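Structure first, then comments.
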Amino acid sequence: LPQYFDTIAFHCQQAVEKYLKATLIHFEIEFLKSHNLVYLLDLLSKKIVFEENIYDKAIQINSFGVQIRYPNEIIHLSKEELESAIAIAEEFRCFAVKMIRIEEN
């Protein structure tokens, strides 16, 4: 249902934000209240090394966390864009789980 694509993309951004914040908390890295995924990655980069392209993915999904908060803003996403947002959220979930497991071992 295309009319819900923006809502789903918003929740993908929210999931990525929570994965990053959970990882920051695990590594005991303090952060300010923010929805900016690049800021959260910058903080995380002080403790762990990750591929540069993760920033591109964070930037790609970052805007979905802002756009839906404004009721007059309607974003129209294609099915491919939505599938990309879902894939990015899944990638960040795997990233967070991996970082926490590596740290625990």
Side-chain angles (χ1 to χ4, degrees):
L1 300 166
Q3 67 266 32
Y4 298 112
F5 282 9
D6 61 344
T7 303
I8 297 167
F10 167 75
H11 287 291
C12 289
Q13 185 281 338
Q14 289 290 284
V16 170
E17 183 181 325
K18 302 313 180 228
Y19 297 139
L20 290 175
K21 288 179 176 178
T23 307
L24 286 165
I25 290 167
H26 176 78
F27 283 97
E28 299 178 348
I29 301 171
E30 292 185 25
F31 54 91
L32 301 174
K33 181 180 179 182
S34 176
H35 303 292
N36 187 325
L37 304 178
V38 173
Y39 162 72
L40 299 174
L41 279 174
D42 282 344
L43 292 174
L44 202 50
S45 72
K46 296 175 183 178
K47 287 270 188 168
I48 58 177
V49 177
F50 43 79
E51 297 178 20
E52 274 297 308
N53 71 347
I54 202 162
Y55 277 97
D56 295 333
K57 292 173 183 178
I59 291 166
Q60 182 180 342
I61 201 169
N62 210 27
S63 63
F64 298 142
V66 175
Q67 290 172 328
I68 200 169
R69 287 190 168 103
Y70 300 98
N72 295 334
E73 291 286 323
I74 297 171
I75 56 172
H76 300 281
L77 300 173
S78 67
K79 183 178 179 188
E80 291 77 22
E81 289 170 315
L82 178 62
E83 288 172 349
S84 177
I86 293 168
I88 290 170
E90 174 63 14
E91 186 173 338
F92 273 92
R93 185 191 68 77
C94 292
F95 168 80
V97 169
K98 180 180 175 187
M99 291 301 105
I100 290 169
R101 284 189 179 152
I102 287 173
E103 222 280 318
E104 288 177 345
N105 292 329

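Source: prediction; values computed, not measured.
I54 and V97 fall into different hydrophobic clusters, where Ile, Leu, Val, Met, Phe, Trp and Tyr residues are linked whenever their side-chain heavy atoms come under 4.5 Å apart, directly or through other members. Both I88 and V38 belong to a common hydrophobic cluster when Ile, Leu, Val, Met, Phe, Trp and Tyr are linked at side-chain heavy-atom distances under 4.5 angstrom. Under a hydrophobic-cluster definition in which Ile, Leu, Val, Met, Phe, Trp and Tyr are linked whenever side-chain heavy atoms come within less than 4.5 Å, directly or via other members, Y19 and I48 are assigned to the same cluster.
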Distance-only criterion, 3.5 Å: show the donor-acceptor pairs between side-chain atoms of residues 80-87 and protein atoms not counting sequence neighbours.
{"residue": "E81", "atom": "OE1", "partner": "S78", "partner atom": "N", "Å": "2.7"}
{"residue": "E81", "atom": "OE1", "partner": "S78", "partner atom": "OG", "Å": "3.4"}
{"residue": "S84", "atom": "OG", "partner": "Q60", "partner atom": "NE2", "Å": "2.7"}

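For K47, the side chain to side chain contact (heavy atoms under 4.5 Å, CB included) partners at least two apart in sequence or on another chain are F27, I29. Under the ring-ring contact (aromatic ring centres under 6.0 Å, His included) criterion, F95 pairs with F50, sequence neighbours left out.
Counting all heavy atoms, side chain and backbone alike, N36 lies closest to N62 at OD1-ND2, 3.6 Å. Nearest heavy-atom pair across T23 and A96 is OG1-CB, 3.3 Å. When all heavy atoms are compared, the tightest approach of Q13 to H35 is NE2-O, 3.2 Å.
Within the 4.5 Å cutoff, side-chain heavy atoms of L41 are placed close to those of F92. A 4.5 Å side-chain heavy-atom check between D42 and Y55 finds at least one atom pair inside the cut-off. Looking only at side-chain heavy atoms (C-beta outward), F64 and L77 come within less than 4.5 Å of each other.
In this structure, SG in C12 is found 13.0 Å from CZ in R93, a value given to the nearest 0.5 Å. L32 CG to L40 CG: the interatomic distance, rounded to the nearest 0.5 Å, is 9.5 Å. Of the inter-residue distances, the one linking D56 atom CG with E51 atom CD reads 11.0 Å to the nearest 0.5 angstrom. The distance from the CD1 atom of I61 to the CD atom of Q14 is 10.0 Å, given to the nearest 0.5 Å.
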